[in-house]
Each structure stands twice: as structure tokens, then as C-alpha cells.
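Whatever order the structure lists ligands and atoms in, that order sets their numbers, starting from 1. Quick note: numbers below take in every heavy atom, side chains included, and nothing from hydrogens, waters or symmetry partners.
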Amino acid sequence: MPPPPSTPPKTPNTMAFLHSSSIVQFECRHSNTSSRLLLILVLVLCGTLGTSVPSKQPRQSSLGTRSVSELSTVKVTQTKVQSDLELPQRLKLGLEKNPESQGEEPLCILRATAAAQTLASIIRSCYGPYGLQKFLVSAQGETVCTGHAAAILKALELEHPAARFVQELAQTQAENTGDGTAFVVLLTEALLEQAQYLLWAGLTPAQLREAFVTATAEVLTALPSLAICSLGPLEDPSWALYSVMSTHTLSNAEYLTKLVAQACWISREPNGSFKPESIVVCILQGGILTDSRIIPGIAICGKLCGRKTEVLNDARVALFNCPFGPSNPFAPATLRLSSPEELIRFRKQTEQVEMEIAELAMMGINVAVVLGEVNERSVDQADYCGVMVIQVKSRKEIVYLSDKLGVPLLNRILPPLEPGKCHKVYRMEFGESALIMFEWEREIAPFLSVVLRGPTIQGLRGAEQAVYYGIDAFSQLCQDPRLLPGAGATEMALARMLVDKGSRLDGPNGLAFQAFAQALSSLPKTLAENAGLAAQSVLAEMSGYHQAGNFVIGVGTDGLVNVAQEGIWDILRTKAQGLQAVTGLVQQLVTVDQIIVARKTPRYRLIPQSAQNANTSSPLRAKFFGKYE
Ligand SMILES: Nc1ncnc2c1ncn2[C@@H]1O[C@H](COP(=O)(O)OP(=O)(O)OP(=O)(O)O)[C@@H](O)[C@H]1O
């Protein structure tokens with residue numbers, strides 16, 4: 001059956017943007033018999049299903065990659081499940097646990113699998129465009145509604161070391177590539193589950209590790225050959241970013257994708273390189289999302305304190321992480337200043353601050369950004385000296401400015417050795433609200449702000465995160481423009497390839513290839529489950545298309561879709577990094593046999609002098625063990 005009709009592909013346009021003057025303790029075992037039976041059954045299904053379908057044309061074939069039409073004509077090899085496994089004596093036929101190996105259960109991996117399963121069960125429902133959201137309630141009582149795996153993982157406090165490893169790995173993936181967080185968690189869990197079956201079947205951890213290394217190498221070698229299109233150097237990147245952005249936005253995905261594409265495009269260096277840090281995302285409550293704008297320079301939410309409201313030429317900025325005024329600027333002369341001595345001290349402090357402000361002006365500082373209370377008299381002095389005073393609302397903003405302007409955050413009112421320099425600092429109105437802009441004179445601004453508008457802070461935070469994901473995705477594409485078929489098509493294509501190759505291999509490698517294939521195909525299965533489809537039959541049908549060589553068939557809302565026609569793409573670099581990270585972790589976890597937890601509070605015991613002399617055989621030992629053991 002051919003895949004359902006789909007919308008025509010989006011045609012990428014060459015962009016011509018103007019450069020603007022721009023848990024849990026885990027201790028569980030699984031019903032291993034049923035899982036093993038299921039594994040064998042699915043392997044048989046994967047091996048024998050095969051339906052030939054006409055393939056659809058991809059959007060573009062470049063960088064020496066094969067076209068889909070070529071691939072669909074590739075002869076499909078019928079695979080068979082191993083009937084005669086040449087494995088060590090501990091292995092019984094059919095992945096069954098050898099009774100002689102009773103008592104030798106790889107307990108640690110079992111618990112690691114259970115830990116990963118618990119973590120995956122939290123993330124699974126969020127995977128893909130039909131994933132669900134979760135309410136995250138922070139320790140401060142702030143509630144966020146999100147489907148971002150990275151945000152959910154960050155909020156989890158995990159106990160089991162394996163779960164923490166997976167959490168860290170997924171977060172690193174999110175930080176490095178801006179995508180593939182859920183992919184990392186789900187694939188790790190699926191691979192650990194398969195590893196557990198293989199250990200039950202009798203492979204030793206060392207054999208399993210070796211076999212997984214071979215299977216990983218096979219997958220990573222095959223992956224680039226599945227990249228059927230790439231982002232051209234002068235192309236509007238919207239189409240390539242859409243899949244990444246759409247899974248992170250509930251509404252206005254198209255608008256946000258275009259906004260990010262435009263910001264990324266403008267920020268590109270003339271040589272085509274791109275620095276994600278050159279884009280600043282600023283959220284401003286009010287209006288609707290489509291009121292969002294791209295502005296050259298850095299926008300921050302801040303309050304102007306004095307009468308000097310702009311510096312329109314040669315702004316020299318100092319940043320202060322302290323009150324702008326004497327240390328107790330508020331409640332003056334009422335509650336705190338209860339004695340003449342205190343009043344004298346306060347006056348002295350005020351005079352001292354006034355001198356410091358005058359010194360700032362003498363050193364050429366004309367903009368002071370402050371995180372802390374601002375004293376009115378000190379602001380008067382700043383006005384008198386021609387210093388513009390801006391009070392920022394959050395530490396995040398002042399740290400951001402410090403980073404971008406390359407100026408240190410000072411804990412006293414002192415002139416910095418080198419001020420932060422920009423052309424202009426001024427207030428810009430946005431409807432009822434306003435932002436403080438730091439602008440540069442250069443034709444191509446070194447920084448660009450995406451100002452997001454919206455009625456709720458929660459909605460804006462979600463949009464902000466989606467924009468950051470889009471920027472990171474573009475950064476990945478600047479390093480490698482190749483794209484893979486999305487919607488689970490790549491995972492299924494890799495799984496088919498592994499099943500084919502594994503069926504021709506004997507021993508642990510054959511089994512590991514098939515187990516790896518099984519783990520990979522769990523990802524399109526999750527997409528189908530989250531879309532509310534009959535996952536097993538969708539998977540079987542999809543496997544058939546792929547066996548026939550049509551590897552652009554993925555999982556859509558209503559069933560199978562041609563991802564090339566639908567424009568659903570995954571970034572090759574992101575997927576490769578995710579696969580590498582996951583397989584590295586799994587190879588490590590399968591060889592762990594114990595968890596050793598260090599004492600939380602060290603108990604020191606004084607060793608008698610005589611025993612000390614006997615035990616401390618060298619000065620080094622004495623240094624480390626000293627008087628204590
Ligand atoms: N419109 C779509 N239809 C079907 N599948 C899609 C669509 N858009 C994206 N996908 C697929 O969804 C999967 C990615 O889902 P998701 O973004 O939730 O996971 P992730 O990238 O691993 O995690 P995260 O985005 O939270 O870091 C990919 O396989 C991608 O191809």
C-alpha cells in the first residue's frame with residue numbers, strides 16, 4: 001500500500017534579508033520470558049516482512065548522497081533469524097537464559113535498565129510532535145508547562161547513578177546541539193533493555209561490549225548515506241529548522257521558525273560561519289507572539305533611574321553587582337538611623353559614593369548598569385556627572401551583558417579597568433512596555449536581539465526555549481548542512497540495515513546487530529504511540545516499506561507519511577552526536593557490576609602514635625593518611 005497522499009514539499013527560497021545597521025530507588029526485575037518472546041517475534045517479523053512500494057522523490061540530493069529513487073530499486077535481501085548460534089557454552093539457543101547461569105544474573109545492569117526505564121517512562125510521552133506537556137512546579141513554586149525533555153530532566157532529582165548518567169548525557173546533548181534530548185534518553189533505555197536480554201542469553205559483558213562497539217561502528221558508518229538533502233549556503237533555512245522548532249512550540253511554529261531563520265541569517269558572518277551567542281533572546285510580556293521583532297544590538301529589560309535617559313554616541317558601560325548608593329540606602333533616617341553616630345556614618349557613606357560616582361565620570365563612564373537597590377541621592381549625583389543609571393531586574397541579564405560587553409561585574413562603585421563599549425544606549429518603547437537597547441555602530445551588528453512578545457510569561461518562556469533550540473539547530477547546520485529523513489524514518493532504515501547485516505553474522509555480533517535494530521525501531525514506535533496509532537501494525541507496515549528500499553517513509557499524524565514530501569528533517573550532525581553519546585554510555589554501563597557509595601560524612605578516628613608510625617610507610621602516605629584512617 002502506498003503511503004497516504006501528502007502535501008507538496010516546501011520549496012526553499014533563497015533569502016535576501018537586509019543587513020540592518022542589524023525518584024526513586026530502582027530495584028525491579030522484568031518479566032523476562034514475555035519480553036524475550038516479544039523480541040524473537042519482532043525479529044522474525046522484521047526479517048520476513050517486505051512490501052515493495054513506489055518511492056517518492058526527495059526534495060534534493062546533494063553532497064554525493066544517493067537519491068531515494070535509486071535506493072528504492074536496491075535489491076532487498078530476505079533476512080532470517082539465526083537458527084544456529086555459535087556462541088560460548090553459556091548461551092542456549094533462542095536468547096534463553098542458561099539454567100546453569102542461575103545466580104550469575106548481571107544484577108547491576110538489571111538495575112541500570114530499570115533506572116533508565118523509569119526515566120524513559122517520564123520522557124516517552126513527550127517525544128515527537130504529538131508528545132504531551134508536563135506541569136513542572138519549581139522549588140520556588142513557579143509552574144511551567146513544558147514538553148521539552150531538557151527542561152523536564154533538569155527538574156528531576158535522581159538517585160540511581162545510571163539514571164543520573166543518562167540525565168547528564170541527555171542534557172549535554174541539549175546544550176551542545178539544542179536537540180535530540182528525548183532521543184538520547186529513549187535510545188539508551190531501549191539499548192540497555194536489549195543488552196539485558198543478551199546478558200540473560202549468556203553473553204558475557206565483555207562480549208556484549210565488543211559486539212555493541214561493532215554494531216555502533218556499522219550504524220555510524222551507514223548514517224551519512226541516509227542524508228538525502230542538505231541546506232544550501234544561500235538558502236532560507238526555515239524549511240530545515242521547521243521540524244526542530246515545531247516539536248517545541250504549541251502554536252505559531254511557522255512564524256517562530258521564520259523569525260529564527262531570519263535572525264540566524266542576518267547574524268551569519270560574511271564567511272558563512274555562525275556564532276549562536278551573537279543572538280540575544282529577550283522576552284517582554286504584552287501583545288501577542290506575532291508582535292515579536294528582531295532588533296540590532298542587545299535588548300534588556302531594565303529601568304531607567306535618573307534624568308539621563310540616553311547616550312547617543314560613544315557609550316562606555318560599567319556593570320555593578322551592588323547597591324548604587326550607601327549600603328543601607330532605604331529606610332534612611334527612619335528605622336535604621338536611630339542614633340547620631342549612624343546618621344554621621346550614613347552621611348559619610350553617601351559622600352563616599354558621590355565621590356566614587358564623580359570618579360566614574362572622570363574615567364569616562366557614562367552608563368552604569370546596576371543589579372541592586374538604587375539610592376535617589378546617588379542618582380542625582382549620577383545625573384549631575386552625566387552618568388546614565390539603569391537598574392536591571394535579574395542577575396541573568398547583568399551576567400549576560402558582562403559576557404557580551406566583555407566587562408567584569410564589579411562589587412563596588414569603581415571604574416572598570418576597561419569599560420564596555422558600544423555606540424548607543426537608549427530606551428525603546430514596545431506598546432505599553434519598554435526595553436533598554438545597547439546598539440553598535442557597525443554595519444553588521446555584532447549582536448542581534450529577538451524580542452519575543454506574548455500575553456503570559458509561561459508562554460514566552462516556552463517560545464524563548466524554542467528559539468534557542470532553533471538557533472542551536474542552525475549552528476549545527478552551519479557545521480554540517482546535511483539532513484536525514486525525520487519522523488523515525490532514519491531509525492527504521494538503520495534498523496533494517498542492521499537486521500540484514502546481523503542475519504549474516506554468527507556469534508555475539510549477529511545478536512548485537514539485531515538487538516541494536518530492535519532498540520532503534522522503538523523510536524518510530526514511540527512516535528506512533530504518541531500519535532495515537534496502532535503502533536505494532538504501523539511499525540510492521542513501515543518496516544515493509546523500508547525493506548523494499550523506501551527509507552523516506554516515517555510516522556505521521558494519521559499513519560505513514562513520505563517525510564521528503566512532508567518536509568520532516570532531522571539534522572545529521574545532531575543525530576550522529578546523539579548516537580555516539582548513547583552507545584558510548586551503554587558500552588560503559590554493560591560492564592558495571594557494582595555501585596559503591598562513599599560514606600556521606602567521613603568518620604575520623606585518631607590513630608595512636610605507635611600505630612601511626614607502623615602504618616605510615618612513606619612521607620606521601622603520611623601526608624594523605626596522616627593521623628587519621
Ligand atoms: N511533523 C512531524 N511529523 C512527524 N515526526 C516529526 C515531525 N516533526 C518532528 N518529528 C520527529 O520527532 C522526533 C523528535 O521529537 P522531539 O523533538 O520531541 O525529540 P528530541 O529532539 O529527541 O527531544 P528534544 O526536542 O526535547 O530535545 C524526530 O524523529 C523528528 O523527525
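- For T247, every heavy-atom contact with ligand 1 shorter than 4.0 Å involves the side chain, none the backbone.
- If you check the side chains of Q587 and T216, you find a donor sitting under 3.5 Å from an acceptor.
- Contact annotation: for T181 versus ligand 1, heavy atoms closer than 4.0 Å belong to both the backbone and the side chain.
- Considering only non-hydrogen atoms, atom 20 (P) of ligand 1 lies nearest to G180 out of A466, G180, A170.
- The proximity of A150 to ligand 1, defined as any non-hydrogen pair under 4.0 Å, does not occur for either the backbone or the side chain.
- Exactly one of L477, V260, L231 qualifies for a side-chain contact (heavy atoms from CB on, under 4.5 Å) with P237. That residue is L231.
- Using a 4.0 angstrom heavy-atom cutoff, C126 counts as in contact with ligand 1.
- Given atom 7 (C) of ligand 1, the protein heavy atom at minimum distance is P129 CG, 3.4 Å.
- In summary, the atoms of ligand 1 found under 4.0 Å from a heavy atom of Y130, numbered by their order in the structure, are 3 (N), 4 (C).
- The closest donor-acceptor contact from the side chain of H160 to the backbone of A162 lies under 3.5 Å.
- Annotation for ligand 1: atoms under 4.0 Å from non-hydrogen atoms of G486 are 31 (O).
- Within the 4.0 Å heavy-atom criterion, neither part of V184 lies near ligand 1.
- Short contacts between ligand 1 and F183, defined as distances under 4.0 Å to a heavy atom of the residue, involve ligand atoms 22 (O).
- With salt bridges taken as basic N to acidic carboxylate O contacts below 4.0 Å, none links E529 and R124.
- Closest to atom 23 (O) of ligand 1 among all protein heavy atoms lies A182 N, 3.1 Å.
- Under the side-chain contact (heavy atoms from CB on, under 4.5 Å) test applied with L579, the options T574, V219, V184, T490 reduce to a single match, V219.
- Contact record, G128 with T247: C-CG2, 3.9 Å, taken as the closest heavy-atom pair.
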Could you go through the side-chain contact (heavy atoms from CB on, under 4.5 Å) check for Y400 and I300 one step at a time? CA-CA 9 Å; Y400 211 77; I300 60 160; 5.8 Å; no
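- Ion pairing of K575 with E491 is present here, as a side-chain N (NZ or NE/NH1/NH2) and a carboxylate O approach within less than 4.0 Å.
- D179 OD1, 2.6 Å is the protein heavy atom nearest to atom 21 (O) of ligand 1.
- If you check which protein heavy atom lies closest to atom 26 (O) of ligand 1, you get A149 N, 3.3 Å.
- Y127 CE1, 3.9 Å is the protein heavy atom nearest to atom 14 (C) of ligand 1.
- Residue Y242 does not touch ligand 1, judged by heavy-atom distances below 4.0 Å.
- The protein atom (non-hydrogen) at minimum distance from atom 24 (P) of ligand 1 is H248 NE2, 3.5 Å.
- Scanning all protein heavy atoms for the shortest distance to atom 30 (C) of ligand 1 gives D570 OD1, 3.3 Å.
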Could you walk me through whether F274 and I471 pass the side-chain contact (heavy atoms from CB on, under 4.5 Å) check? CA-CA 10 Å; F274 173 70; I471 294 169; 3.8 Å; yes
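- Across I568, T490, L484, L186, heavy-atom proximity to atom 3 (N) of ligand 1 is greatest for I568.
- Considering all non-hydrogen atoms of both residues, Y130 and V555 come closest at OH-O, 4.3 Å.
- Shortest contact from atom 4 (C) of ligand 1 to any protein heavy atom: V555 O, 3.3 Å.
- Counting only distance, with no hydrogens or angles, the side chain of E464 and the backbone of L452 share no donor-acceptor pair below 3.5 Å.
- Few gaps surround OH on Y468; more than 12 heavy atoms of other groups in view lie less than 6.0 Å from it.
- Distances from atom 12 (O) of ligand 1 to the heavy atoms of G556, G128, G131 show the closest one on G128.
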